[in-house]
Amino acid sequence: MAEAADFPGTSPSPARRWLRRTAALLVGTPLLAGLLQAPAGPVAHAAVPGAMADATGSRTVDVSLDALTPTAPDEGDTLTVSGTVTNNGKQTVTGAQVGLRVGPTVNGRSEIDRASKRTGFQPGADGTEVGGKYVDKFAKLAPGVRQDFSISVPVKALDLGADGVYQLGVALTGQSAAQPYPQVLGIERTFLPWHPGAADTKTKTTYLWPLISDTHLTAKTESDEQQTAVFKNDDLADELASGGRLQQLLSLGSDLDVTWVIDPDLLASVEAMTKGYRIQNPDGKTTRAGKHQAVANEWLNDLEAAVKGKKVVALPFADPDLASLAHNGRAVTGSLSHLKEATDAGSKAVDTILHVKPSTDFAWPAEGAIDPSVVDVSTSAGAHTVIARSDSMRETSGLAYSPTAARPIGGGTTAVVADARLSTVFQGDMTEAENSTLAVQEFVAQSLMINLQNPSKQRSIVVAPQRMPSASQAQTMAKALTALQKAQWSQSEQLTAAAKAKPDPQATTRVPSAAAYPASLRKQELPQSAFESIRDTQSMLERFQVILTEKDRVVTPFGRAIDREMSTSWRGNAQEADRYRGGVGSYLRELTGQVALIQRSDAKLSGRSATIPVSVQNNLVQGVDHLVLRLSSQNPTRLKIGDGQYEEHPVKIAGGHSQSVKFTTTANANGPVPVYAQLYTEDGEPYGDPVRFEVNVTEVTLTVMLVIAGGLLLLVLAGFRMYTQRKRAARRQAAQEGPDGGPDGGSGTESGEGEPGQPSDPTPDTAPESTDPSDTGERVDR
């Protein structure tokens with residue numbers, strides 16, 4: 001009998017355990033008044049656990065297990081269990097006592113899952129009570145009354161045998177007027193990992209410790225030299241303060257051997273707080289001063305000390321939603337380019353703020369859910385490793401053990417498949433002491449079971465918890481990790497090492513299809529319209545930056561704000577995400593509108609030529625350049641601008657100033673002419689809205705008209721004169737040549753002329769020009 005206890009999964013002293021279980025069944029059997037022998041009912045009820053639970057009323061009392069120490073005891077330890085019991089029935093419970101029940105070892109990870117979900121007492125499955133002095137007794141439990149209990153038992157008294165995960169029940173036994181015999185009225189069960197000696201082969205465990213937060217910074221900055229940051233609210237200060245979520249994550253993680261996974265946007269936001277910051281008021285227009293610079297400074301200093309010499313994984317800036325990009329963003333031009341920019345910006349931020357060179361080789365899709373498109377997008381910015389999860393990338397070869405996390409999935413990409421059970425165990429409400437205690441015991445028990453599945457095969461297991469654990473979840477995680485790092489079967493490993501571990505040849509390397517991607521996660525994704533809005537904002541930013549003399553003051557904050565528009569943190573909060581995107585675009589339009597044409601009234605032109613001024617206002621704090629102002633006439637035959645339809649002038653204006661640009665015009669007829677002023681960038685793109693006004697030519701007078709007519713007449717006369725002169729010259733030459741082709745009897749000089757002449761010299765046929773002043777109607781502006 002003693003030899004059997006040495007085999008894994010077998011309890012010590014089977015004979016003793018059989019006697020205890022038999023005694024427990026007899027105690028739980030309804031005793032019929034007047035009968036000395038109990039009926040065979042208990043055996044039947046043991047075969048049908050649900051019936052026994054109903055017969056014994058094992059849900060009458062709620063047993064809450066609030067603390068269990070140590071989590072994984074050693075041989076010389078004393079196990080202490082404490083909690084509360086509450087009578088939820090209608091009758092007082094008397095003769096009550098709380099005791100521990102050690103059940104058999106579980107045979108696999110799935111059995112841990114099933115056992116943790118069981119409710120009600122099941123004889124045999126819930127073991128026998130340790131009993132004796134290791135109980136806590138109550139004279140009575142009134143309905144609705146809660147009472148505390150605490151039991152301390154030397155581990156030796158538990159009669160634990162071979163290494164394994166034991167079921168541990170905390171049960172209340174008592175009776176009531178309706179059921180006047182001792183029975184189990186309430187039970188809570190958990191697991192007791194038992195491995196007092198060092199394992200021959202330890203499991204390598206990597207735990208990701210995420211420092212990620214919601215989006216806090218707006219795109220706005222103050223107009224001062226430092227560009228003081230403007231926050232949506234002051235919630236980040238609460239997270240950084242003592243007891244806050246981020247303060248707890250930092251404080252607890254500093255004492256653990258974990259891999260820090262950091263969103264650089266969080267670092268940039270905290271650093272902005274340290275320099276003085278503003279908080280946006282509910283009206284969205286005004287701001288107020290933030291007051292928690294000291295808290296931000298302390299947190300950053302503590303984080304820098306905590307990660308010194310450690311491996312840090314930097315996510316792309318603002319932790320972009322990779323699955324949303326893959327499923328909805330790829331169809332929108334330019335969306336994927338943001339991922340590369342966010343990766344570079346994230347690496348630079350971590351290096352600059354924490355003085356640590358981070359790894360950017362890891363992509364972490366939401367919930368570790370992947371499909372081929374998610375993998376493609378995840379690696380498009382240079383990452384070669386995708387953090388997936390085993391409930392997405394499921395095993396298909398029927399392995400009897402949990403394989404090493406690293407898997408080659410083709411194209412030089414590695415999937416690090418985090419264990420789903422270990423990764424999700426802390427997602428519940430850990431503010432309840434019972435939930436926290438049960439989660440810790442289950443986590444450590446699952447870890448031990450992984451090792452016991454194949455004790456001779458060393459494996460690298462990765463745990464990727466929820467992205468933004470609450471303070472209570474972080475505390476529970478830290479408690480479990482502290483216990484695990486003291487355990488005899490596990491050793492810590494960094495994520496970079498786990499990614500390089502030798503893959504298990506039998507583990508699946510097949511990426512699940514797009515159809516297998518969880519519908520619940522698809523519903524949380526950013527829609528295609530979100531990426532179209534981001535594209536429009538990016539286009540507006542690119543047009544705006546062309547004219548700026550200090551581009552970084554605008555490009556950097558808006559570039560990072562666009563990154564934040566794609567953050568994974570918007571999942572489940574579509575309305576707030578839409579509001580943030582709208583705010584970024586609206587503010588950028590407001591800034592671009594600070595450089596604009598000044599509206600002007602219609603102009604009257606009282607002469608043939610004049611100059612028309614058009615003004616440009618720059619209300620930015622920085623200067624603008626590389627702008628061209630064009631004034632165009634809609635009827636150039638009536639009104640010319642410059643030499644034709646339009647005229648252009650370059651524009652360069654200092655911050656907070658305006659500039660007036662003058663255009664020359666020439667009127668040819670009376671009446672109104674529509675005129676448009678439009679700003680353009682130097683590459684010909686329109687900037688801002690045009691300004692329309694009319695130029696009304698009211699005094700192109702008769703004098704002007706006569707001048708115009710006179711000019712036309714002179715042109716006609718000049719042409720006629722040239723024509724007649726040519727005709728006369730031709731006749732004269734013909735007469736001189738005579739019929740024989742020679743001179744017609746002449747002596748070489750014309751009669752009456754005193755100077756020699758040439759045949760081609762014409763005789764003037766116009767009177768001498770008058771030297772009198774011209775009539776006023778002939779005056780022409782020059």
Side-chain angles (χ1 to χ4, degrees), residues 219-230 341 536-562 584-605 609-634 636 639-666 673-695:
K220 295 183 178 180
T221 58
E222 296 292 301
S223 59
D224 55 358
E225 186 66 27
Q226 292 77 25
Q227 285 192 272
T228 299
V230 178
E341 295 171 2
D536 294 342
T537 302
Q538 180 66 36
S539 298
M540 193 190 323
L541 178 62
E542 290 171 355
R543 291 194 300 272
F544 186 38
Q545 67 175 328
V546 171
I547 72 169
L548 301 176
T549 56
E550 299 177 65
K551 294 179 174 58
D552 288 346
R553 287 181 64 90
V554 172
V555 173
T556 299
F558 272 101
R560 301 293 73 80
I562 290 173
V584 173
S586 176
Y587 181 54
L588 183 55
R589 283 189 293 272
E590 179 184 329
L591 286 184
T592 60
Q594 299 299 304
V595 180
L597 296 168
I598 297 176
Q599 294 290 335
R600 60 156 298 154
S601 58
D602 293 341
K604 289 185 178 181
L605 188 59
S609 64
T611 58
I612 298 178
V614 179
S615 297
V616 185
Q617 179 71 48
N618 175 19
N619 288 323
L620 298 172
V621 297
Q622 63 170 296
V624 295
D625 198 355
H626 310 297
L627 274 174
V628 173
L629 176 57
R630 176 187 296 177
L631 188 65
S632 304
S633 170
Q634 296 299 101
L639 179 69
K640 291 183 179 180
I641 309 293
D643 295 328
Q645 182 179 0
Y646 65 86
E647 186 177 14
E648 294 180 337
H649 290 290
V651 176
K652 182 177 182 180
I653 316 172
H657 290 74
S658 62
Q659 178 180 337
S660 182
V661 181
K662 294 182 179 181
F663 295 87
T664 60
T665 62
T666 304
V673 177
V675 173
Y676 285 87
Q678 173 71 63
L679 284 169
Y680 289 87
T681 58
E682 285 187 342
D683 56 1
E685 288 291 326
Y687 183 90
D689 296 326
V691 167
R692 181 191 183 279
F693 59 96
E694 286 189 346
V695 175

message: Under the rule for salt bridge (charged side-chain N to carboxylate O under 4.0 Å, His left out), what residues qualify as partners of R630, not counting sequence neighbours?
response: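 For R630, the residues satisfying salt bridge (charged side-chain N to carboxylate O under 4.0 Å, His left out) (neighbours in sequence not counted) are E648.
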
message: Please enumerate all residues that pass salt bridge (charged side-chain N to carboxylate O under 4.0 Å, His left out) together with E550, with sequence neighbours excluded.
response: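 For E550 there are no salt bridge (charged side-chain N to carboxylate O under 4.0 Å, His left out) partners, ignoring immediate neighbours.
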
Partners passing side chain to side chain contact (heavy atoms under 4.5 Å, CB included) against [X] (at least two apart in sequence or in another chain):
X	value
E341	H338
A229	L217, F231, A272
S586	R589
Q659	V651, I653, V661

field: Listed partners of Y587 passing ring-ring contact (aromatic ring centres under 6.0 Å, His included), at least two apart
entry: F558

- request: Using ring-ring contact (aromatic ring centres under 6.0 Å, His included) as the criterion, list what pairs up with H649, not counting sequence neighbours.
  value: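 H649: ring-ring contact (aromatic ring centres under 6.0 Å, His included) contacts with F663.
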
Are any non-hydrogen side-chain atoms of [X] and [Y] less than 4.5 angstrom apart?
X	Y	result
L679	I547	no
V691	Q599	yes
R543	Y687	no
V554	Q545	no
L629	V614	yes

Do the side chain of [X] and the main chain of [Y] share a donor and acceptor less than 3.5 angstrom apart?
X	Y	value
D643	E647	no
R600	P613	yes
T665	A610	yes

Roughly how far, to the nearest 0.5 Å, is [atom2] of [Y] from [atom1] of [X]?
X	Y	atom1	atom2	answer
Q227	D552	CD	CG	9.0 Å
T666	I641	OG1	CD1	8.5 Å
L588	I562	CG	CD1	7.5 Å
L605	T611	CG	OG1	9.5 Å
T221	R553	OG1	CZ	6.5 Å
T664	K640	OG1	NZ	11.0 Å

- request: Please lay out, stage by stage, how L627 and V595 fare under the test side-chain contact (heavy atoms from CB on, under 4.5 Å).
  value: CA-CA 10 Å; L627 274 174; V595 180; 3.9 Å; yes

message: Counting only heavy atoms from other residues, nucleotides and ligands, does the tally under 6.0 Å from NZ of K662 exceed 12?
response: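 No, not enclosed.
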
Looking only at non-hydrogen atoms, find the nearest pair between [X] and [Y] and report the distance.
X	Y	answer
S601	F693	O-CB, 4.0 Å
A219	A561	CB-CB, 3.7 Å
V673	S633	CG1-OG, 3.5 Å
G655	N618	CA-ND2, 3.5 Å
Q617	S658	OE1-CB, 3.3 Å
V621	S223	CG1-CB, 3.5 Å

Going by the rule side chain to side chain donor-acceptor pair (under 3.5 Å), which residues pair with [X] if we only count those two or more places apart in sequence or in a different chain?
X	result
D224	T228
Q678	none
T592	none

query: Among side-chain atoms of Q594 and E590, is any donor-acceptor pair under 3.5 angstrom?
result: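 Short answer, no.
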
- prompt: For residues 675-695, which residue pairs qualify under salt bridge (charged side-chain N to carboxylate O under 4.0 Å, His left out), counting only residues two or more places apart or in two chains?
  reply: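 As it turns out, the salt bridge (charged side-chain N to carboxylate O under 4.0 Å, His left out) pairs with a partner in residues 675-695, which skip direct neighbours, are R692-E694.
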
